Amino acid sequence: MEKRFVYADNAATTRVRPEVLARMLPYFTEVYGNPSGLYSVSRDAAVELDRARAKIAGLLNCEAREIYFTSGGSESDNAAIAGIARKRGRGHIITSKIEHHAVLNTVKALEKEGFSATYVDVDENGIIKLDELKKAIRDDTILITVMYANNEIGTIQPIKEIGELARAHKIPFHTDAVQAAGHLNIDVRAENIDMLSLSAHKFGGPKGCGVLYVRRGVNPRPLIYGGGQESGRRAGTENLASIVGMAEALELSLSGLEQKNARVTEMRDRLIDGILKIPYTRLNGDRTRRLPGNVNVSVEYIEGESLILLLDLNGICASSGSACTTGSLDPSHVLLALGLSHEVAHGSLRLTINDETTDDDIDYILDTLPRVVDRLRAMSPVWERRPE
Amino acid sequence: MYSEKVMEHFANPRNVGEIENADGIGEVGNAKCGDIMRMYLKIDDNRITDVKFKTFGCGAAVATSSMATELIKGKTLDEALSLTNKAVIEALDGLPPVKVHCSVLAEEAVKAAIKDYYDKNGIENDLDASSCSSCCGSCGAESEK
């Protein structure tokens with residue numbers, strides 16, 4: 001098969017959609033006014049800012065004044081979690097063991113400041129244990145934060161149920177929806193969500209731009225102080241071009257979502273079935289309660305980083321949760337939380353596709369991967385020790 | 001993040017494989033940490049006449065194994081024992097700081113294989129065959145020893 005370039009790391013970031021880029025460009029050189037200004041070029045900018053806010057609010061089913069623009073998912077997570085913690089001053093935070101580091105490390109930092117925290121376990125498929133979550137609730141619990149869908153294994157959490165539980169106990173509920181936004185239909189009202197983080201570059205928008213939705217009545221302390229932008233909740237001149245691009249990208253992603261997801265899910269399942277034909281492989285994460293574009297498998301007896309490098313030499317962009325690729329000495333905390341051994345976690349491979357992926361791309365991956373795996377296993381001293 | 005030389009050795013590793021009836025075999029590392037290297041030596045008259053390796057590990061682990069075999073092939077045992085991880089790193093035009101332990105493993109694999117040869121032939125030596133001497137302890141292997 002002829003070598004191709006296949007981008008299969010859309011959970012890391014996506015290509016900016018050409019329509020989105022075109023929509024953004026006038027805000028660099030034409031409508032460049034500071035939205036806080038009083039003259040026409042600023043008023044035009046302020047109108048566009050309001051439009052983008054209203055558009056995103058409509059897509060999430062909330063009010064425009066509940067949408068705050070940020071620099072991305074990490075800032076939104078920090079602002080929501082640290083914002084509630086600092087407003088309350090003390091107390092207990094509940095989260096899960098498989099959160100993104102933007103959430104985990106924020107909670108850990110707050111523990112050092114005197115807050116307490118419970119990290120709720122997940123089952124072997126990566127779904128949070130609701131009964132454990134329920135048991136973790138205390139009188140002094142000030143926040144529950146559980147991700148909408150996992151960035152590594154794609155599992156979709158029972159957000160509505162967690163929201164119900166939180167509301168019954170009058171505890172604010174935040175969800176990191178960075179992987180879900182633009183890929184699943186989210187309704188913050190129906191799903192009892194009090195705060196939600198999303199990031200534009202995960203659905204065809206630009207990097208460095210995100211949203212924090214905060215339900216009216218929930219008042220986290222600001223993270224960034226300064227001018228009065230975003231109703232005093234987030235200072236700094238608005239990144240208008242990116243905000244306009246983000247609103248456009250979210251709308252584009254969510255239009256015709258069902259048909260797109262049906263096609264992406266079909267490609268995903270073909271990829272999973274094809275990869276699992278390779279001996280000594282396993283699927284990580286729930287088979288059905290998972291993001292349409294997420295594939296995460298462990299390929300035993302090889303190490304993830306060398307797999308990624310060899311796939312790259314064949315034109316395929318993918319990622320892994322091996323220690324060598326996490327930048328630390330431990331493999332992914334998500335895979336370990338599923339109960340995988342270090343050995344199996346080191347050999348993980350994540351492929352994340354979207355509606356720009358083609359059937360030819362899937363064929364190419366399925367043709368290339370077994371050869372790459374064979375080559376690495378042939379030089380692996382542990383491969384020959386596999387149980388017969 | 002990797003130098004061109006590292007990528008070149010990763011893409012086209014030298015001396016991959018096994019030697020039947022090798023005179024010395026050394027294995028270091030563990031799968032829990034994410035890298036294992038096994039080195040096979042053919043030794044004639046105190047000289048390494050052939051060397052092969054098998055490695056489970058990251059790109060740097062493969063490249064350092066490959067480079068180490070190149071650096072010791074044809075050398076005397078004393079010359080091979082003087083191979084340092086720094087020499088391996090230099091020959092590869094550098095390694096990212098988090099990958100330095102891979103070069104230590106390569107150095108240790110060579111020493112372990114030579115020690116195996118000495119031990120098999122009743123040659124006294126004070127070589128230390130313990131692996132992961134640079135181990136960070138994060139994988140928990142330390143407590144298993």
Side-chain angles (χ1 to χ4, degrees), chain A residues 3 12 280 298-333 335-336 339-349 368 371-387, chain B residues 1-2 6-18 25-40 52-66 69 95-102 105 109 112 131-132 134-142 144:
Chain A
K3 186 178 169 181
Y280 300 100
S298 278
V299 183
E300 291 191 62
Y301 308 108
I302 59 177
E303 193 279 330
E305 191 207 86
S306 48
L307 180 57
I308 299 307
L309 292 173
L310 210 45
L311 285 172
D312 175 49
L313 290 172
N314 285 278
I316 298 170
C317 306
S319 78
S320 168
S322 83
C324 284
T325 54
T326 56
S328 71
L329 292 151
D330 279 319
S332 139
H333 65 286
L335 299 176
L336 295 180
L340 264 62
S341 67
H342 277 64
E343 288 87 333
V344 176
H346 282 306
S348 80
L349 169 69
T368 308
R371 286 186 286 114
V372 165
V373 168
D374 279 352
R375 183 174 154 185
L376 288 169
R377 280 180 174 167
M379 65 186 292
S380 165
V382 284
W383 172 237
E384 61 210 51
R385 288 183 211 145
R386 69 190 182 276
Chain B
M1 64 183 239
Y2 284 137
V6 171
M7 281 308 293
E8 202 275 313
H9 270 262
F10 171 75
N12 308 293
R14 282 49 148 187
N15 305 310
V16 176
E18 297 174 23
I25 301 175
E27 184 173 306
V28 295
N30 68 61
K32 200 172 177 186
C33 284
D35 29 35
I36 296 181
M37 288 180 196
R38 192 192 297 156
M39 214 158 268
Y40 302 82
K52 296 264 191 242
F53 80 92
K54 275 195 161 182
T55 289
F56 161 89
C58 62
V62 173
T64 53
S65 313
S66 167
T69 59
L95 277 180
V98 294
K99 302 292 187 179
V100 168
H101 79 275
C102 293
L105 271 186
S131 71
C132 273
S134 62
C135 187
C136 49
S138 75
C139 67
E142 206 66 32
E144 288 176 357

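Lettering of chains follows the sequences in order, A, B, ..., and the numbering in each one begins at 1. We use all heavy atoms of the structure for the numbers below, so side chains are in, but hydrogens, waters and symmetry mates are not. Predicted model only: the values in this text are computed from it and were never measured.
- In terms of heavy atoms, I36(B) sits closest to R385(A) at CD1-NH1, 4.3 Å.
- Proximity of a side-chain donor or acceptor of H342(A) to a complementary backbone N or O of C33(B) within less than 3.5 Å is not detected.
- Between the E305(A) side chain and the G59(B) main chain, a donor and an acceptor come within less than 3.5 Å of each other.
- With sequence neighbours excluded, the residues that form a ring pair (Phe, Tyr, Trp, His ring centres under 6.0 Å) with Y301(A) are Y280(A), W383(A).
- Taking OG of S65(B) as the start and CE of M379(A) as the end, the distance is 7.0 Å to the nearest 0.5 Å.
- Only the backbone of A378(A) comes within contact range of chain B, with heavy atoms under 4.5 Å apart.
- Contact between I302(A) and F56(B) at its shortest, heavy atoms only, is C-CE1, 3.3 Å.
- Looking at R377(A), neither its backbone nor its side chain comes within 4.5 Å of chain B, counting heavy atoms on both sides.
- Judged by distance alone, the side chain of S306(A) and the main-chain N or O of G57(B) form a donor-acceptor pair under 3.5 Å.
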- request: Dump the intermediate steps for side-chain contact (heavy atoms from CB on, under 4.5 Å) on L313(A) and M7(B), then the final yes or no.
  value: CA-CA 10 Å; L313(A) 290 172; M7(B) 281 308 293; 4.2 Å; yes
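- Of the atoms belonging to A61(B), not a single heavy atom falls under 4.5 Å from chain A.
- For the residue pair L310(A) and F10(B), the shortest heavy atom distance occurs at N-CE2, 3.8 Å.
- Smallest separation of non-hydrogen atoms from P381(A) and R38(B): O-NH2, 3.3 Å.
- Considering only residues two or more places apart in sequence or on other chains, S348(A) meets the side-chain hydrogen bond (donor to acceptor under 3.5 Å, both in side chains) condition with none of them.
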